Amino acid sequence: RSRPEGRYYLICNNDHYTNLSVYRMDRMTQVEIQEEQPVRPIREIDGWHKGWNLQEFMEHNANMAFGDPVRITFITTEKGVPIVIDSFGKGVEFKKRKDGQYNCTVRVPAFDMKLVAMQHAGFIRVTAPKDLAEEIREDLKKAWEKYDSEA
């Protein structure tokens, strides 16, 4: 499956885990096709019994970083709306604010949200969960210090 950045991912299951695994194709080395390997029945893959939807999976795993989706709220500007839709698909709830910005809610892994928020810090500010917002603030502070120094 391809992401907008042009990266391709292999979504599969391997012998070491009982859930899905995601591998970035351009980072794979020493790939070998194994003939006659036993195949785990699909009903034995964790979470599969709930049904599986590729579009939903992609929306909840924007950067293919795994983790359980959590409810995240953030604020974005008008210019940030297309970025949010590109990043998370149609699974985002938007509510227009009086100041012209948008309150947004999405269910994605916290790490995915952190990457999107850091990349688009000029348009997006995470408001909850508070620990995620604080982690992003600290990372941005460290980045600012690197660019603020004369070294």
Side-chain angles (χ1 to χ4, degrees), residues 1-31 40 42 45-151:
R1 175 79 168 132
S2 173
R3 294 297 304 170
E5 304 84 21
R7 297 183 186 125
Y8 287 84
Y9 295 86
L10 172 64
I11 303 170
C12 62
N13 172 258
N14 76 41
D15 295 342
H16 303 291
Y17 305 101
T18 59
N19 61 355
L20 290 176
S21 298
V22 177
Y23 300 94
R24 202 167 122 185
M25 302 286 288
D26 63 310
R27 292 191 175 165
M28 295 171 81
T29 60
Q30 301 177 353
V31 175
R40 176 175 282 132
I42 201 165
I45 297 174
D46 291 349
W48 198 270
H49 63 278
K50 300 175 193 172
W52 194 76
N53 179 299
L54 178 61
Q55 184 64 36
E56 183 178 304
F57 178 84
M58 298 295 287
E59 289 172 0
H60 288 225
N61 294 280
N63 292 292
M64 291 297 159
F66 267 90
D68 291 328
V70 295
R71 184 178 186 274
I72 298 173
T73 60
F74 59 97
I75 298 169
T76 191
T77 63
E78 183 84 33
K79 289 183 179 181
V81 169
I83 293 167
V84 171
I85 293 170
D86 284 348
S87 297
F88 302 116
K90 297 176 183 174
V92 183
E93 225 179 89
F94 292 94
K95 290 186 183 173
K96 192 154 189 171
R97 298 161 40 112
K98 290 179 183 178
D99 63 4
Q101 297 187 84
Y102 292 85
N103 288 325
C104 304
T105 304
V106 69
R107 285 190 54 78
V108 297
F111 187 74
D112 274 348
M113 186 69 226
K114 179 180 174 180
L115 292 177
V116 171
M118 298 276 297
Q119 183 177 8
H120 302 289
F123 300 106
I124 294 171
R125 181 173 62 88
V126 171
T127 55
K130 293 290 185 196
D131 59 335
L132 176 61
E134 180 62 24
E135 185 179 332
I136 293 168
R137 189 181 79 73
E138 288 300 314
D139 285 354
L140 289 170
K141 184 178 173 185
K142 289 175 189 172
W144 171 257
E145 290 168 357
K146 285 182 181 181
Y147 283 92
D148 194 39
S149 70
E150 294 183 29

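Small disclaimer: the values here were computed from a predicted structure and weren't measured.
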Hey, what do you get for NZ (Lys96) to CD (Glu78), rounding to the nearest 0.5 Å?
-> 5.0 Å

Which of parallel (below 30°), tilted (30 to 60°) and perpendicular (above 60°) describes Phe74 and Phe88?
-> tilted

Is the number of heavy atoms from other residues, nucleotides or ligands within 6.0 Å of CZ (Arg97) greater than 12?
-> yes

Ile124, Val106, Ile72, Val108 screened by side chain to side chain contact (heavy atoms under 4.5 Å, CB included) with Val116, the one that passes = Ile124

Met118 side, atom CE; Asp139 side, atom CG - distance, nearest 0.5 Å = 4.5 Å

Rounded distance (nearest 0.5 Å) linking atom CD of Gln119 with atom OG of Ser87 = 7.0 Å

First locate atom CZ of Arg137, then atom NZ of Lys130, and finally report the distance between them rounded to the nearest 0.5 Å.
-> 12.0 Å

Specify the closest pair of heavy atoms between Ala110 and Val70, including all atoms of both residues, with the distance to one decimal.
-> N-CG2, 4.2 Å

Rounded to the nearest 0.5 Å, what's the gap from NZ on Lys141 to CD1 on Ile136? Could you check?
-> 15.5 Å

Apply the test side chain to side chain contact (heavy atoms under 4.5 Å, CB included) to residues Thr76 and Ile83: give CA-CA distance (whole Å), side-chain angles for both, the deciding distance (0.1 Å), then the verdict.
-> CA-CA 9 Å; Thr76 191; Ile83 293 167; over 6 Å; no

Would you indicate whether Tyr17, at its atom OH, is surrounded by more than 12 heavy atoms from other residues, nucleotides or ligands within a distance under 6.0 Å?
-> no

Atom pair CD (Glu145) and NZ (Lys142), whose distance is rounded to the nearest 0.5 Å = 9.0 Å

Closest non-hydrogen atom pair, Pro69 against Arg107 = O-NH2, 3.2 Å

Minimum side-chain heavy-atom gap Ile75-Asn103 below 4.5 Å = yes

